[in-house]
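Written out below as structure tokens is the structure these notes cover.
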Amino acid sequence: MGIIVDKENLVFHLQTNETSYIMAVKKGKYLAHVYWGKKMNTPNMDNALLMRWSCFGAMEEQEDATYSMDYVRQEYPTGCGTDYRIPAIEVEYKDGSRVCPLEYTGYKISKGKRPLEGLPAVYVEAEEEGDTLDIILEDKLKGLRVTLAYSVLSKYNAITRSVKVENGGEENVKLEKVMSLSVDFETSDYEMLQLPGAWGRERHIERRVLRSGLQSVESRRGASSHQMNPFIALLGPGANETVGNVYGINLVYSGNFTAGVEVDSLFQSRLYMGINNYDFSWLLEPGEVFTAPEAVMVFSSHGLGEMSRIYHKLYRERLVRGKYRDAVRPILANNWEATYFDFDEEKIVALAGEAKSLGIELFVLDDGWFGKRNGDNCSLGDWFVNREKLPSGIDGLAKKVKEQGISFGLWVEPEMVSPDSELYRKHPDWCIHVKDRNRTQCRSQLTLDLSRRDVCDYIIETIGSILDNAPISYIKWDMNRHMTNLGSALLPAERQKEMPHRYMLGLYHVLEEIVGKHPDVLFESCSGGGGRFDGGMLYYMPQTWTSDDTDGVERLYIQYGTSLVYPISTMGSHVSAVPNHQSGRVTSLKLRGDVAMSGNFGYELDLTKFTPEEKEEVRGQVAQYKELRTFIQSGDMYRLQSPFEGNTAAWMFLSQDKKEIFAAYFRICAKVNPGITRMKLQGLQPDGIYEIKETGQRFRGDELMEIGLVVDMHGDYQSRTWRLHKV
């Protein structure tokens, strides 16, 4: 059992194999946070949860000056009471009041883990894999009930949290904020790590020392976004890749989010995460329930590397679903940077044939195959084939590609509509808009209003029909703009702020329907590259196009940062042409291939333009990845050197049986007389013997970890890889 309850003192102790999370009910009604960290026995509450008096602390009970909510470490704090810090929940009752004291009223323990209705979440395959604790809090005057759900996944060393709010009263309640998680720490002796970025520069790593006041990250764009990722971590003193305490939180959600830390006047820290309350509210009628997205909590006492490996294993095995969860991913070629919109059937068939000759397994036709789409200014929403380009249709083209012994995939962008389209002319009210206001465009497109069931049904029908009528093995699902002019033609005035979250619920419904009905199709999500790289999308689609920036050097930063949370099996990573179309940089085919192999490998360039020598090199890369991909995609990743801390990057992959290793080292700029350069491996058995496949050299594990391998290279933009086997 991962949940221990002291019924007499109402102490709740959640335990994974290596983690403890402890709460206690004080004075019979206040749910306090006690501890989150390395696994331990249940402590003395008087010592672990120290109460103290503080000047200007408004007291909940006049006779007890030590119990002001402004200084107590709380488990789920509320607003407009005696706690001046940032609350986890804010409500407005029908009488205009906003005070919402939540008192403990009970708990329930159940085996396993429940799914969240309409929302993606980590799952279990057997009851024995987890235990769930529900703690019920209630505003007794108004009848508002809040259920805090904690699921303990012991062998994965993770705890998930979600919140359900139920209106048990007789009047409407307006929710203005519902966080999925709040944790109070006794000190502020931490650094906060975040993953900011931009289009083409996603998930770079930033660290900052906590300061007094609020430090936060968020998205208000209608998507998790390129700019910020729904993940932050707190790092204890001295924490780095291999040592120190790390607390990670990640929201399994694809829309607007907020996360941050507030440091109060006594240097306590409050960590929180959930749906962004910017432009959000939710009207709860009597008897109705609102469910917040799930947050995944991971504690590591061995640095960021261990935290990442916990997330990777959990998400690979219990967030990603379906056929491709455990199957190796195919090597693909995508025509986008080869042709852009300028292609015809003959060109596509020729590219597919060239891909097959190089050993590639899947050919993907990107944008431009439908409507009158010869540029990015029209036809989104018109999901019928452009017969001038493809006279055989998608079905005929897919069959021609498959006849060459290679699978066929297709790009779609179903959440968007072009003003110049048959769909928009027929249904101008189907887009997100505000009546009588300008409909702002991005890339000459508008966003369909997925808070509407009729719009969702249209997408399900049209995309489903394409998949039903052609031998398609892969879908790249793109989304190339963020929300503006937030409004829905069908929602009443008092519910307009519900639209962004209702959009996400609609999207998840669409994906559940389409993906569920086509289990043999490999779906990859995309949003201008990595603009929606989050656990919510991974629940439906097992991989994501990591970034539109395919430059080998830039990808070192992007893939390194992404790997802090998300498994290698979820990252699309391709070799593209040089000069690179985003950076203009010229790098070797070797470096581009070595970087791309640290993900779901593929090519995105004109394969017919390779020289004979380059074709042989590509065949070698493809053959090598086919040998490596089983354990690259499913093994443990160790980050060895960070590009954010110097001129090099290095990482390695260790198979689940701990016998196979693939290590890669990258240098960005050359230096004269640099001295001896070594790469130290991690995770090996110290007395094990490991052989380098390329040279036959043998080393003990302790030597590889403490002394390392010598790296000898010359010139800018260089890479080297090693394949090792435990003998």
note = Sorted by chain and number, sequence neighbours left out, side-chain hydrogen bond (donor to acceptor under 3.5 Å, both in side chains) with E554 holds for none

task = List for me each residue that meets side-chain contact (heavy atoms from CB on, under 4.5 Å) alongside V618, sequence neighbours excluded, and say none if there are none.
result = L358, L589, Y603, F610, Q621, V622

ask   = Checking R309 against Y638: charged group under 6.0 Å from the ring centre and within 45 degrees of the axis?
value = yes

query = Looking at W545, does the NZ or CZ of R555 lie under 6.0 angstrom from its six-membered ring centre and within 45 degrees of the ring axis?
reply = yes

Intermediate values then yes/no, ring pair (Phe, Tyr, Trp, His ring centres under 6.0 Å), Y717 and F666 = CA-CA 7 Å; Y717 315 137; F666 307 91; over 10 Å; no

query = Mind checking what makes salt bridge (Lys or Arg N to Asp or Glu O under 4.0 Å) contact with D606, not counting sequence neighbours?
reply = K347

ask   = Stepwise, does the side chain to side chain contact (heavy atoms under 4.5 Å, CB included) test hold for W651 with S598?
value = CA-CA 9 Å; W651 47 63; S598 303; 2.7 Å; yes

inquiry  = Centre-to-centre under 6.0 Å for F662 and F631, is that the case here?
reply    = no

ask   = Taking the six-membered ring for Trp, is the centroid-to-centroid distance between Y253 and F257 below 6.0 Å?
value = no

inquiry  = Using the rule given for salt bridge (Lys or Arg N to Asp or Glu O under 4.0 Å), can you reason through E627 versus K693, listing the C-alpha separation, both sets of side-chain angles and the distance that settles it, and then say yes or no?
reply    = CA-CA 12 Å; E627 291 183 4; K693 181 178 180 181; 3.0 Å; yes

inquiry  = Against F185, only a single residue in Y272, Y190, F267, F299 fulfils ring-ring contact (aromatic ring centres under 6.0 Å, His included); can you say which?
reply    = Y190

task = Show your reasoning for whether salt bridge (Lys or Arg N to Asp or Glu O under 4.0 Å) applies to R585 and D551.
result = CA-CA 7 Å; R585 185 181 284 115; D551 173 64; 2.4 Å; yes

query = Checking salt bridge (Lys or Arg N to Asp or Glu O under 4.0 Å) for the pair E191/R211: CA distance, chi angles, key distance, verdict?
reply = CA-CA 9 Å; E191 287 184 88; R211 304 295 185 191; over 6 Å; no

